[in-house]
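The sequence lines fix the lettering, A, B, ..., with proteins before strands; numbering per chain opens at 1.
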Amino acid sequence: MSDRYEAQQIEAKWQQKWDAAGIDAARDDDDRESYYCLVMFPYPSGNLHMGHVRNYCLGDAVARYKRMRGFNVLHPIGWDAFGLPAENAAIKHHRPPAEWTYSNIDQMRSQLKRLGLSYDWSREIATCRPEYYRWEQWMFTRLMEKGLAYQAEAEVNWCDPCHTVLANEQVVDGVCWRCDTPVIKKNLKQWFIRITDYAEELLADLDKLTGWPEKVVGMQRNWIGKSSGAEVSFGIEGSDETLDIFTTRPDTLMGVTYMAVAAAHPLAQKAAENNPELAVFLDECSRISTKEADVETMEKKGMATGFHAIHPISGELVPVWVANFVLMGYGTGAVMSVPAHDERDFDFARKYGLRIQQVIKPADGDWDIESAAFTEAGILINSAQFDGLASADAKQAIIEWLSENDKGSERVQYRLRDWLVSRQRYWGSPIPVIHCQDCGEVAVPDDQLPVILPTHLQPTGGASPLNECDEFRHTTCPKCGKAAERELDTFDTFMESSWYMNRYTSARNEQAMVDAEAMNRWAAVDQYIGGVEHAVLHLLYARFYHKLMRDAGLFTSEQGGDEPFKNLLTQGMVLKDGTKMSKSKGNTVDPKAIIENFGADTARLFTLFAAPPEKELEWNDAGVEGGFRFLKRVWRLLERLDLCEGEDEAAAVKQVRRTIHATIQRVTHAFEHGFAFNVAIAALMELANALQDYKPAGTSGKAAYREGVEALATMLAPFVPHFACELAERLGMAEIAVVAGWPEVDEAALVQDEITLAVQIQGKRRGEIIIAKDAGQDEALAAAQADDSINKWLDGMQIVKVILVPGRLLNVVVKPQ
RNA sequence: GCCGGGAUGGUGGAACUGGUAGACACAAGGGACUUAAAAUCCCUCGGCAGCAAUGCUGUACGGGUUCGACUCCCGUUCCCGGUACCA
């Protein structure tokens, strides 16, 4: 056995041992309390990057700590294996996507194993396997039965020469990425899932997510975008049709002086028919970006349509304008405009000389409506029978009036749209639907699931090869038995990643999507860790899907919870030279090189030490070496175990034991509150430094030293498990470090007889005194006065006030005598 | 614009609930060992003044509260993330 720290050897040895001992498996037959630690599963791109390494080292530290704490830990991993990159790679390499995907998985699996991550590999999943996606097909047919899945026309990016739909990222500057042809918008029938039916619950349950970063909760809240108000029907002069709008300020209804509609609104389109100038304007509007960056600087423009709307209460006629800032995609594509009480309407009215009618005034005082809009709540004026009401009451009264007169109603509006799950792509789960001439859209019955995706097809970049695959396409209708065709679209890959956390609880289950008992044991996820880029879409869909599974009766609220993730940690990005690592910038760092040079433990240590988990991590090669040096320093502590010349020194022993137990306290705190591993590792470094400086003299000195090194080895295990195990073995510890119990704090060791107290005069630090730990204020003051360097500040002064903060400081407030 | 987060040495970052600012590390400089290099070890390391003891000053900026403020309050600037011109 070498006496040097040989990372490669040690890591190979322990990985083998752990594997043989099966210590990483989560047990389904166990009384211990369970803990579910989940990291966001990777897309099998072929190579692990630093972001993965960081994510998985964080998760592994948590999982290992919990195991050492005696929990039965579920720490699974798998592959989010469907998606576009596989198709692109398939085109490039002329190999089917399945082949590429599976070989990438093999490669990345071995990279993960090389890092020594403690996954339960028996639960590994790959979403592209029929055993997995059959269950989301099954779920989809349940949703069809419930009316929660439906078909509707939706706009897609279409490339005519390629005869295919393009994802947004395949549209580069408005042209197709492959053939440079301008992309056109086309309406296709697509499948949707009614996430909007769950908008209210998804919003309300955000309050339960106390273990989530507020930032993410806020982002989801904005995304759902609830606003309450009223829907109001305006008449259209000379027409039987109505112009319906949504407003959050029904109290300002009497102040409407014009209406504004989107360019795509039917009324605008109709007006343009015999108004060429307007037609040009509409065309212009249709081409502007709706992205916020452009919008910020965009000039607000409008044009009158010539139509007039009839005010539902006063019957007054107001002009209908087209405005470039009204969006067809939100609400009804039309708004009422109240320039007196809305800034944007105010600016618009000013620009085009439209009337401004004040109908609200501040509760106290007046408002100069000529100079600015009054957007606060207030008291109604110029509003006929509603005069004198406060805004809140007026909202109610006006909604009531509208309801009674059939001109509108109370209404809640969400920004959230239904989830479009159809993708006109090959490498995804088939949508389990059969199109029959007579029966329409028929769900594939359970006994015919899964609908297996043929894996031998070769994508070309044009239409999905499923279109050409006759044996897939042609089938018979499950209802009437006549010839029919399969749905050729596949699911959005968010469909797979929305429920994988629950599948892990019974990953090999062939009877059901999940097992209620297993959910009861493991769900919900105690700690979920991943990138903040998933703050909205993935995390929202997963929350939604969890509720769908619950409502499909797969588990109850008690068994699986209403929310899938109790605690969420969003880790920061890994940067190099201040920017995100990316191949195109050429600033990537290959984890493989670090592992080869220094070992997996050094790679793990550095990623955890260099920054707090939620912050960005600036990669620093020199810092990596620093981590390696630390491990070598700890290693050398072994050489001094038997050094025991000289006599026992009680004070020194007490001192070192205090450091040991204070460190246990600090490191434990990091695991229990917020995962500040950078600080925990710093504390371990301090302990190592203290042990290095300590001379283990005599029996008790030697024992204290050993206690320290053992505690250090044990606490290092979640971070650098191979190293810790080897150290523990060489120390002759009974259990290998990764399953050893977490060290307990010996409170007695923390107690000090004498403490150092900082002394302040007027709040400025002037010195320190050593004093009995339970000394009172008078004693402390006396000690301070006995110290010349402190007392010189008190000389000739009158003591006004003395503040003693026990264990910390003494502050003396004085004034000249 | 709005919502969220942030600003601490040359750098990454510490500082519990208002109680010794700069832990731990990186970089830099100096020294020891060595034929030499690597490795390792020791010392210095916010700024200003000083040989030193020490003093003053310092947590983006301006105020305030307090015996005491990186921490709390008011205002300002800048940076990052999110976003919806959302009626």
Side-chain angles (χ1 to χ4, degrees), chain A residues 4 213-223 225-227 229-230 232 245-249 252 259-260 262 290-296 298 300 323-327 329-338 342-345 347-348 413-415 532-533 535-536 570 572-573 575 606 609-612 614-627 629-630 632-633 636 665-666 669 673 676 678-689 692 756-768 789 792 800-814:
Chain A
R4 282 186 53 202
E214 270 181 49
K215 173 185 177 171
V216 175
V217 172
M219 282 164 71
Q220 294 222 349
R221 185 168 282 127
N222 278 342
W223 193 263
K226 178 180 181 175
S227 45
V232 187
I245 59 96
F246 171 74
T247 178
T248 55
R249 292 293 303 272
T252 65
M259 307 293 284
T290 52
K291 287 278 176 244
E292 60 290 344
D294 314 317
V295 148
E296 203 55 55
M298 187 179 87
K300 314 238 178 310
N324 62 355
F325 58 82
V326 180
L327 306 174
Y330 182 78
T332 60
V335 296
M336 67 180 209
S337 296
V338 188
D342 179 280
E343 265 169 53
R344 196 185 48 202
D345 293 349
D347 294 343
F348 193 83
Q413 177 77 35
Y414 296 95
R415 190 187 88 90
V532 72
E533 65 271 22
V536 177
T570 50
M573 282 191 302
L575 307 180
F606 177 72
F609 175 65
E614 64 281 357
K615 268 198 87 163
E616 291 170 342
L617 186 160
E618 173 71 34
W619 192 264
N620 174 359
D621 290 327
V624 178
E625 287 189 55
R629 274 204 292 274
F630 166 65
K632 287 194 288 188
R633 219 157 56 230
R636 283 197 300 273
Q665 202 170 42
R666 291 168 71 187
H669 184 267
H673 305 279
N678 55 327
V679 184
I681 291 168
L684 292 170
M685 287 175 170
E686 283 182 66
L687 175 58
N689 292 344
Q692 199 174 8
T756 304
L757 212 58
V759 180
Q760 294 184 338
I761 313 294
Q762 314 287 59
K764 273 189 201 289
R765 188 175 185 280
R766 294 301 181 192
E768 56 186 39
S789 64
K792 71 178 180 191
V800 179
K801 193 172 177 183
V802 179
I803 295 123
L804 176 72
V805 183
R808 295 210 174 264
L809 61 75
L810 177 78
N811 188 14
V812 186
V813 186
V814 294

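In this structure, Phe630(A) has its ring center at least 6.0 angstrom away from the ring center of Phe609(A).
Candidate nucleotides A23(B), G19(B), G81(B) were compared by shortest atom distance to the side chain of Ala682(A), and A23(B) ranks first. For Glu686(A), counting side-chain heavy atoms from C-beta on, the closest listed nucleotide (A23(B), G82(B), U40(B)) is A23(B). The side chain of Asn678(A) has A14(B) as its nearest neighbour among U20(B), A14(B), C16(B). Listed candidates were A25(B), A87(B), U83(B). Nearest to the side chain of Arg633(A) is A25(B). Side chain of Ala758(A), nearest nucleotide from C24(B), A27(B), U20(B): U20(B). Minimum atom distance to the side chain of Met685(A) is reached by A25(B), of the listed A25(B), U40(B), G13(B). Checked against U20(B), A87(B), G55(B), the side chain of Lys792(A) finds its nearest nucleotide in G55(B). Of the candidate nucleotides C26(B), U83(B), G19(B), G19(B) has the atom nearest to the side chain of Gln760(A). Residue Val679(A) has its side chain nearest to A15(B) when only A15(B), U20(B), A25(B) are considered.
The nearest pair of heavy atoms linking Val813(A) to Gln762(A) is CA-OE1, 3.4 Å.
Using a 4.0 Å heavy-atom cutoff across all strands shown, Gln692(A) reaches sugar-phosphate atoms only and no base atom. At the heavy-atom level, Val813(A) lies under 4.0 Å from the strands shown only through sugar-phosphate atoms. Residue-level contact check: Val812(A) touches neither bases nor backbone, having no heavy atom under 4.0 Å from any strand. Within 4.0 Å of Glu618(A), counting heavy atoms only, lies no atom of the nucleic acid at all. Looking at heavy-atom distances under 4.0 Å, Asn811(A) makes contact with a base. In this structure, Asn689(A) reaches the sugar-phosphate backbone alone: every heavy-atom distance under 4.0 Å involves primed, P, OP1 or OP2 atoms, never a base. Within the 4.0 angstrom heavy-atom criterion, no nucleotide atom of any strand lies near Arg221(A). Among the heavy atoms of the strands, none lies under 4.0 Å from Gly331(A). If you check every strand for non-hydrogen atoms under 4.0 Å, Pro612(A) touches sugar and phosphate atoms only. If you check every strand for non-hydrogen atoms under 4.0 Å, Phe630(A) touches nothing.
Atom name P, nucleotides C26(B) and U44(B): the rounded distance is 16 Å, in whole Å. Between G63(B) and G82(B), the two P atoms lie 36 Å apart (nearest whole Å). Comparing the P positions of C16(B) and G22(B) gives an interatomic distance of 13 Å, to the nearest angstrom. Taking atom C1' on both nucleotides, U71(B) is separated from A15(B) by 10 Å, rounded to a whole Å. Rounded to a whole angstrom, the distance from the P atom of C48(B) to that of G58(B) is 15 Å. For C73(B) and U66(B), the C1' atoms lie 12 Å apart once the distance is rounded to whole Å. To the nearest whole angstrom, the two C1' atoms, one in A49(B) and one in G13(B), are 30 Å apart. The same atom, C1', is picked in C70(B) and in G9(B); the two are 14 Å apart, to the nearest Å.
OP1 or OP2 of U54(B) has not a single side-chain nitrogen or oxygen of Ser789(A) nearer than 4.0 Å. For the pair Lys632(A) and U40(B), the criterion of a side-chain N or O lying under 4.0 Å from OP1 or OP2 is met. Look at Arg4(A) and you won't find any side-chain N or O under 4.0 angstrom from OP1 or OP2 of U40(B). Taking only side-chain nitrogens and oxygens, Arg766(A) comes nearer than 4.0 Å to OP1 or OP2 of C56(B). Arg765(A) has no side-chain polar atom (N or O) that falls below the 4.0 Å cut-off from OP1 or OP2 of A21(B). Distances shown here put a side-chain N or O of Lys801(A) below 4.0 Å from the OP1 or OP2 atom of C67(B). Contact annotation: Lys764(A) side-chain N/O to U57(B) OP1/OP2 distance is under 4.0 Å.
Separating the CG atom in Asp345(A) from the CE atom in Met336(A) is a distance of 8.5 Å, to the nearest 0.5 Å.
Between Thr756(A) and Glu768(A), the closest side-chain pair of non-hydrogen atoms falls below 4.5 Å. For the pair Phe246(A) and Val232(A), the minimum side-chain heavy-atom distance is 4.5 Å or more. Within the 4.5 Å cutoff, the side chain of Val814(A) has heavy atoms near those of the Val812(A) side chain. Side-chain contact between Arg249(A) and Asp342(A) is absent, with no heavy-atom pair separated by less than 4.5 Å. In this structure, the side chains of Val532(A) and Lys215(A) come closer than 4.5 Å at one or more pairs of heavy atoms.
Across all strands shown, U83(B) pairs with G1(B); the Watson-Crick or G-U wobble distances both stay below 3.5 Å. Taking a pair to require two hydrogen-bonding distances under 3.5 Å in either a Watson-Crick or a G-U wobble arrangement, G62(B) pairs with C74(B). Pairing partner, A37(B): none, since no Watson-Crick or wobble contact has both distances short of 3.5 Å. Pair assignment for U17(B): none, as no Watson-Crick or G-U wobble contacts are both less than 3.5 Å. Applying the Watson-Crick and G-U wobble criteria (two distances, each under 3.5 Å), C51(B) pairs with nothing in any strand. C24(B) is paired with G12(B) under the Watson-Crick or G-U wobble criterion, all donor-acceptor distances under 3.5 Å.
Summary of the strand contacts: Val805(A) and Glu616(A) both lie near RNA chain B, and taking for each the nucleotide with the nearest heavy atom, the more 5' one is attributed to Glu616(A). Residue order along RNA chain B, read from the 5' end via each residue's closest nucleotide, puts Arg666(A) first among Arg666(A) and Tyr414(A).
Between Asn222(A) atom CG and G1(B) atom C1' the separation is 13 Å, expressed in whole Å. If you measure from atom CG of Leu575(A) to atom P of U11(B), you get 17 Å, rounded to the nearest angstrom. Between the C1' atom of G18(B) and the CD1 atom of Ile803(A) lies a distance of 12 Å, rounded to the nearest Å. For the pair Phe606(A) CZ and G13(B) P, the computed distance is 10 Å after rounding to whole Å. One interatomic measurement links the two molecules: NE2 of His669(A) to P of A15(B), which rounds to 10 Å at whole-angstrom precision. In this structure, Ile761(A) places its CD1 atom 11 Å from P of G55(B), rounding to the nearest Å. One can place CG of Leu809(A) at 10 Å from C1' of C67(B), the figure rounded to the nearest angstrom. Whole-Å rounding puts the Leu327(A) CG to A87(B) C1' distance at 9 Å.
Nucleotide G9(B) is shown with a syn base, its glycosidic torsion being within 90° of 0.
Summarising the local packing, CD of Gln692(A) is surrounded by more than 12 heavy atoms from other residues, nucleotides or ligands at distances under 6.0 Å. Sparse packing is recorded around CD of Glu343(A), with 12 or fewer heavy atoms of other residues, nucleotides or ligands lying under 6.0 Å away.
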